[in-house]
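Here the structure comes first, spelled out in structure tokens, and everything after it is commentary.
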Amino acid sequence: MTIYDSVQKTKREFIPQEKGKVSLYVCGPTVYDDAHLGHAKSALVFDLLTKVLKANGYDVTYARNITDIDDKIIKKANEANKSIKEITDFYTSAYDTEMGKLGVLRPNLEPKATESLEAMFELIQKLLDNNHAYKTADGDVYFDTSSDSQYLKLSHRVQNEDEKRQRVESSSQKKNSADFALWKSVKDGTISFPSPFGDGRPGWHLECSAMIEKHLAKPDTKFAVDIHGGGADLLFPHHENEAAQTRCGTSHVLANYWMHNGFVNIDGEKMSKSLGNSFFLKDALKIYDGEVLRFYLLGTHYRSNFNFNEEDLAASKKRLDKIYRLKKRLFGLSNENVQTPFKDELLKALSDDLNISASLALIDEMISHVNEMLDTAGKHKELKRDTLSNLAYIEEILGFGVKNPFEYFQFGVDEETKAKIDTLIKKRDEAKKAKDFAASDKIRDEILAFGVILMDTAQGTFWERV
RNA sequence: GGUGCCAUCGCCAAGUGGUAAGGCCGCAGCCUGCAAAGCUGCUAUCCCCAGUUCAAAUCUGGGUGGCACCUCCA
């Protein structure tokens with residue numbers, strides 16, 4: 001398997017530290033608001049990665065953190081006159097529910113900042129002991145970037161001298177402009193946590209390093225984790241700072257491989273609060289089936305920037321429909337789980353840095369070939385057996401085609417309408433039997449008014465939502 | 001201003017030295033009472049210029065045009 005390492009900027013053969021085992025850490029959400037499509041993309045990408053790693057025989061330990069200490073959370077809690085726990089529980093639960101609808105499996109570990117404070121204290125103390133951190137008169141603790149010769153190597157950045165000077169002047173007690181807070185002292189009575197360094201709140205970058213050390217790192221390995229992932233924007237400063245903390249405060253290098261997913265834009269513009277164009281996942285799920293969103297968002301390579309628009313989504317849905325139509329053709333037959341060349345090719349494509357386009361092309365070609373064969377006379381016993389196995393593999397490794405195919409095509413149609421449609425179809429069948437095609441076509445138009453199209457097959461008349 | 005990424009058919013999108021995958025849309029046909037679905041066939045020489053090479057979408061240099069990060073952000 002190969003992975004594009006966004007720090008070394010090259011595709012590398014993936015070799016875990018411990019044979020057969022992979023540790024993966026991904027920066028998860030700060031739970032102060034609803035998840036948007038960008039969160040969905042990230043969760044989907046790393047969900048796919050874990051599935052492909054598992055299909056390659058690896059035992060994967062996947063951790064994705066929940067940031068539940070944050071100034072934005074506190075602000076929201078104060079505004080709503082609620083506790084931060086009420087806020088974070090609400091959004092954490094919503095996140096899990098919504099990602100579940102996209103077919104994202106829960107990671108093995110979902111550590112929370114509030115439950116990792118001890119690990120953070122330990123790391124801060126180490127950094128103080130090693131002279132990589134310092135306390136200010138205000139009671140803050142900062143990481144001393146000048147003490148780390150490797151600083152900025154991760155994100156390949158060069159520091160501008162002018163900028164350096166300016167920032168130091170404006171912000172009082174830091175030694176260097178790039179220094180970042182490990183612990184922020186709180187004296188104004190707002191929400192804080194007790195610590196050996198006084199009451200305060202942890203710096204954002206700190207929690208990931210501390211959690212990784214606590215949950216994933218092993219004492220005798222060079223790297224704390226095999227793979228570290230997150231959104232492309234996190235490379236600097238977040239991952240740069242994480243890496244510095246771990247390098248200077250533990251015996252580990254933070255990660256062997258770095259993976260960064262591209263951004264989701266909406267109709268060509270970056271999602272942002274100020275533009276008012278955030279597309280929340282909960283709203284998207286009201287309009288689109290979760291699996292359609294999964295298919296669409298995963299349909300473009302994870303490193304590319306993704307431009308969300310409804311036309312592309314509709315085209316994408318048609319592609320997923322083809323998987324389900326084939327499932328309809330084979331409905332009721334059971335899978336014997338045999339090995340096929342298709343499976344090998346699919347895994348090979350996905351193992352090449354998650355080459356989804358090549359994978360989808362393989363799927364389309366497989367479907368097309370099977371349909372062609374099924375259109376000819378014969379029982380096609382082996383073909384059906386292999387195809388069922390192939391479809392099951394697509395479900396397992398990509399999460400496409402997991403639903404009942406008839407229900408899939410009826411997304412968003414309520415029970416009352418379904419009953420009406422069934423009644424109309426029966427009436428139409430009678431008209432068809434009597435060769436009264438005028439009446440039959442009239443009923444078809446009536447059904448079309450519900451946004452539903454009919455398909456007459458040898459097995460009877462089926463319907464799909466347009 | 002600094003750093004970096006990208007530019008392939010109307011649209012989405014693979015391919016990183018050996019002569020352009022796949023999907024959507026479109027056109028023609030098969031099938032169908034008619035449709036829908038399915039199937040078959042047709043549709044690009046890869047932003048521009050120069051260079052390296054027997055050979056370049058793929059490498060190098062120079063343009064042009066997008067985008068991202070440099071502040072919280074998936």
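The structure displayed is predicted, hence computed values, not measured ones. Per chain, numbering begins at 1; letters A, B, ... match sequence-line order.
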(request) Looking at every strand, decide which applies to A:Ser316 at a 4.0 Å heavy-atom threshold: base, sugar-phosphate, or nothing. (result) nothing
(request) Run the salt-bridge test on A:Asp283 and A:Lys286 with the 4.0 Å N-O cut-off and return the result as yes or no. (result) yes
(request) Determine the contact category for A:Asp456: base if any of its heavy atoms lies under 4.0 Å from a base atom, sugar-phosphate if only primed atoms, P, OP1 or OP2 are that close, otherwise nothing. (result) base
(message) Please report the distance separating the C1' of B:G33 from the corresponding atom of B:A44, rounded so that it comes out in whole Å.
(response) 40 Å
(message) Given the structure, check if the side chain of A:Arg444 and the base of B:C34 hold any donor-acceptor pair shorter than 3.5 Å.
(response) yes
(request) Report yes if a donor N or O on one partner sits less than 3.5 Å from an acceptor N or O on the other, where the partners are the side chain of A:His36 and the base of B:A74; otherwise report no. (result) yes
(message) Distance check needed: B:G33 P versus A:Phe437 CZ, whole Å only.
(response) 7 Å
(message) From the set B:C24, B:G38, B:G22, return the single nucleotide nearest to any side-chain atom of A:Lys318.
(response) B:C24
(request) Indicate whether any N or O donor in one side chain lies under 3.5 Å from an N or O acceptor in the other, for A:Asn305 and A:Asn265. (result) no
(message) Looking at A:Asn307 and B:C11, is any side-chain donor or acceptor paired with a base atom of the opposite kind under 3.5 Å?
(response) no
(message) Rounded to whole Å, please give me the gap between CD in A:Gln459 and C1' in B:G38.
(response) 13 Å
(message) Counting the atoms with a prime plus P, OP1 and OP2 as sugar-phosphate, which does A:Lys328 contact under 4.0 Å by heavy atoms, base, sugar-phosphate, or nothing?
(response) nothing
(request) If B:A28 has a Watson-Crick or G-U wobble mate with both distances under 3.5 Å, name it; if not, just say none. (result) B:U40
(message) OP1 or OP2 of B:C67 versus the side-chain N and O atoms of A:Asn305: is any pair under 4.0 Å?
(response) no
(request) Return the value, rounded to whole Å, for the distance between atom NE2 of A:His260 and atom P of B:A68. (result) 17 Å
(message) Return whichever of A:Val264 or A:Asp375 has its heavy-atom-nearest nucleotide of RNA chain B closer to the 5' end.
(response) A:Asp375
(message) Ignoring hydrogens and geometry beyond distance, is a side-chain donor-acceptor pair present between A:Asn108 and A:Thr61 at under 3.5 Å?
(response) no
(request) Measure from CE on A:Met271 to C1' on B:A74 and round the result to the nearest Å. (result) 9 Å
(request) Please state how far atom CG in A:Asp441 lies from atom C1' in B:G33, giving the value in whole angstrom units. (result) 9 Å
(request) Pick out which of A:Thr30, A:Thr114, A:Thr92 makes a side-chain hydrogen bond (donor to acceptor under 3.5 Å, both in side chains) with A:Asp68. (result) A:Thr114
(request) Answer with base, sugar-phosphate or nothing: what part of the nucleic acid does A:Lys322 contact at a heavy-atom distance below 4.0 Å? (result) sugar-phosphate
(message) With rounding to the closest Å, how many angstrom separate the P atoms on B:U8 and B:U45?
(response) 14 Å
(request) Name the pairing partner of B:C9, where a pair is Watson-Crick or G-U wobble with both distances under 3.5 Å, or state none. (result) none
